[in-house]
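Heads up: the structure comes next, in C-alpha cells.
First listed ligand is number 1; within each ligand, the first listed atom is number 1.
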Amino acid sequence: MKVQSTSGPSTSACVDPGLVPQNVLYTGARMPAIGLGTFGSDHASASEVAAAVEGAAAVGYRHFDCASVYGNESEIGYALEHVLQGQIKREQLWITSKLWNDKHGENDVIPSCKKSLADLRLKYLDLYLVHWPFPNFHPPGCDVTSRSKDSKPYIHAAFLKTWRKMEELVDLGLARHIGVSNRTIPKLKPLLRDVRIKPAVNEMELHPHFQQPELFEYVRANGMVPVGYCPIGSPGRPERDRTPEDTVPTQDPVIVKIAQRLGVHPAVVCIKWAIQRGQVPIPFSINRSHYLSNLQGAVSEPLSEGEMRAISAIDRNCRLIKGQVFLWKEGQTWEALWDLNGEITPP
Ligand SMILES: NC(=O)c1ccc[n+]([C@@H]2O[C@H](COP(=O)([O-])OP(=O)(O)OC[C@H]3O[C@@H](n4cnc5c(N)ncnc54)[C@H](OP(=O)(O)O)[C@@H]3O)[C@@H](O)[C@H]2O)c1
C-alpha cells in the first residue's frame with residue numbers, strides 16, 4: 001500500500017522528506033518509496049559514494065541501499081554518523097544492507113550482519129537481505145566467464161538454514177525486517193511456505209525495459225514490496241556486464257518523449273514510472289544534480305494514465321544483470337539462474 005504524506009513545502013534545492021511517498025510493509029513500517037543505491041562498481045570510489053550519501057541526506061533522501069559486497073560500508077558509516085549528528089534522527093532513516101553469498105553458512109549470518117552494523121555505525125538495520133539465492137562466491141570485479149569451483153545450485157533445505165539465522169536477527173533486534181533479492185517465483189513459493197518470519201521485500205531488477213510483470217504481481221500479492229534495482233537501466237555498468245542484446249530504457253522514444261514534455265532527463269521518467277507503479281526504485285548517483293532530480297521526480301506531478309500505459313507497453317524483457325558468475329555447472333547459460341521453466345532449475 002502506498003501512502004502520500006502531506007507535511008511541509010519543498011524548496012528548489014531540496015525535497016521535504018515528508019512529501020516523499022512511502023510503501024507500507026506488512027509489519028506496518030513505512031519505507032520511503034525511493035532510496036539511493038550505493039554500488040559504486042568500477043567508477044565511484046567508497047569515499048565518493050559516502051559523500052553522495054551525506055549529500056543525498058541533505059537534499060531529502062532518507063533511504064539508502066547498502067551491501068557488504070559493495071566494499072564501502074565503513075565509509076558510508078562515517079557519513080551516516082555525520083548525518084545523525086545533525087537534525088536527522090535514526091528512526092527517520094531507512095537503511096538496508098545485504099548478506100553476501102560467501103556468508104550463507106549457519107555460523108556466518110549473524111557475524112556478517114554485525115560486521116555491517118559495525119561498519120555502518122548503527123545499532124540496527126531496517127532491512128537485511130540475502131543478496132543472491134546462491135551461496136557462490138566470486139571476487140568483485142571478475143569477468144562474467146569466471147566460475148568458482150565450489151559453486152553450488154540452489155538447494156531449498158540448505159537455504160532454509162540460512163533463513164533461520166536471518167529470522168534470529170529479527171529476534172535479536174539487529175534487523176527490523178529481513179528480505180530476499182534476485183528471487184524467482186519458484187524460489188519464493190517454498191520459502192513463503194516454510195518461513196517463520198516472512199521476507200518483507202524482494203529486491204529485483206526493474207526498469208521500463210524489464211518490468212517482470214508476473215514476478216512483480218506475485219511479490220505484491222504475497223504482501224511483499226518489490227524493490228527495483230537498476231531503475232534507470234544501469235547506464236554506468238562496466239563493459240563486462242554488457243551484452244550486444246542489452247537495450248537502453250533512457251533512449252526509448254516513449255521515455256524520451258515524456259522527458260521532453262516534463263523538461264527532465266529520461267532517468268527521472270524511469271523513476272517516476274517506478275514509484276507510480278508501486279515498486280521502490282533505488283537509483284545510484286554520486287552527482288548531486290542527478291540524485292536531487294531523481295528525488296524531485298518522486299514528489300512532482302505524476303505521469304498521466306496514458307503515459308503509464310505507454311510505458312507498460314515498452315517492456316522488452318531485457319535482463320541486464322544476468323548473474324553468469326553464479327552458475328554452478330559447465331555449459332550452462334545464465335537463464336538457468338532464473339528458473340524460466342517455472343521450477344527451480346535442477347542441480
Ligand atoms: N540486489 C542486487 O542484486 C542489486 C544489483 C544491482 C544493483 N543493486 C542496487 O541498485 C542500485 C542501482 O543500480 P545501478 O547503479 O546498477 O543502476 P541505475 O541506478 O539504473 O543507474 C545508475 C546510473 O545512472 C546515472 N544516473 C542516475 N540518475 C541520473 C539522472 N537523473 N540523470 C542522468 N543520469 C543519472 C548514474 O550516473 P551519475 O553517478 O553520473 O549520476 C549512474 O551511472 C545499486 O547502486 C545498488 O544499490 C542491487
What is the closest protein heavy atom to [atom], and at what distance does it sit?
| atom | value |
| --- | --- |
| atom 6 (C) of ligand 1 | Tyr229 CD1, 3.4 Å |
| atom 39 (O) of ligand 1 | Ile286 N, 3.1 Å |
| atom 47 (O) of ligand 1 | Asp65 OD2, 2.7 Å |
| atom 24 (O) of ligand 1 | Pro235 CG, 3.3 Å |
| atom 12 (C) of ligand 1 | Ile282 O, 3.2 Å |
| atom 3 (O) of ligand 1 | Asn182 ND2, 2.9 Å |
| atom 35 (C) of ligand 1 | His290 ND1, 3.6 Å |
| atom 42 (C) of ligand 1 | Phe284 O, 3.7 Å |

Any donor and acceptor pair, going by atom type alone, linking the side chain of [X] with main-chain N or O of [Y] inside 3.5 Å?
| X | Y | value |
| --- | --- | --- |
| Glu167 | Arg196 | yes |
| Arg62 | Pro17 | no |
| Asn72 | Thr38 | yes |

Just distance, no hydrogens or angles: give the donor-acceptor pairs under 3.5 Å from side chains in residues 310-320, sequence neighbours left out.
{"from": "Ser312", "atom 1": "OG", "to": "Arg309", "atom 2": "O", "distance (Å)": "2.9"}
{"from": "Asp315", "atom 1": "OD1", "to": "Gln211", "atom 2": "N", "distance (Å)": "3.2"}
{"from": "Asp315", "atom 1": "OD1", "to": "Asn317", "atom 2": "N", "distance (Å)": "3.0"}

Applying a strict 4.0 Å limit to heavy atoms, is [X] in contact with ligand 1?
| X | result |
| --- | --- |
| Trp132 | yes |
| Arg237 | no |
| Ile321 | no |

Using a 4.0 Å cut-off to any heavy atom of [X], which atoms of ligand 1 qualify?
| X | result |
| --- | --- |
| Ser293 | 31 (N) |
| His131 | 1 (N), 2 (C), 3 (O) |
| Pro283 | 19 (O) |
| Asn287 | 41 (O) |

Using a 4.0 Å heavy-atom cut-off, say whether [X] meets ligand 1 through its side chain, its backbone, both or neither.
| X | answer |
| --- | --- |
| Pro231 | both |
| His265 | side chain |
| Ser234 | both |
| Cys230 | both |
| Tyr70 | side chain |

Looking at [X] and [Y], does any basic side-chain N land under 4.0 Å from a carboxylate oxygen?
| X | Y | value |
| --- | --- | --- |
| Lys322 | Asp246 | yes |
| Glu81 | Arg121 | yes |
| Glu203 | Arg183 | no |
| Glu307 | Lys257 | no |

- Indicate the ring-plane relationship of Phe326 and Trp132, choosing parallel, tilted or perpendicular according to the 30° and 60° boundaries. tilted
Is there at least one pair of N or O atoms, one from [X] and one from ligand 1, spaced under 3.5 Å apart?
| X | value |
| --- | --- |
| Phe39 | yes |
| Ser285 | yes |
| Ala267 | no |

- Step through the shown structure and confirm whether more than 12 heavy atoms of other residues, nucleotides or ligands are within 6.0 Å of CD on Gln87. no
- Task: Would you check if the distance from the ring center of Phe284 to the ring center of His290 is below 6.0 Å?
- Result: no
Compute whether any side-chain donor of one residue and acceptor of the other, for [X] and [Y], lie under 3.5 angstrom apart.
| X | Y | value |
| --- | --- | --- |
| Lys189 | Tyr218 | no |
| Ser181 | His131 | no |
| Ser47 | Glu75 | no |

Which is closest to [atom] in terms of heavy atoms, [options]?
| atom | options | value |
| --- | --- | --- |
| atom 43 (O) of ligand 1 | Gly228, Gly236, Pro281 | Gly236 |
| atom 28 (N) of ligand 1 | Val130, Asn294, Leu129 | Asn294 |
| atom 26 (N) of ligand 1 | Ile232, Thr250, Leu292, Val269 | Ile232 |

- For residues 323-336, pull every pair meeting salt bridge (charged side-chain N to carboxylate O under 4.0 Å, His left out), keeping only residues two or more places apart or in separate chains. none
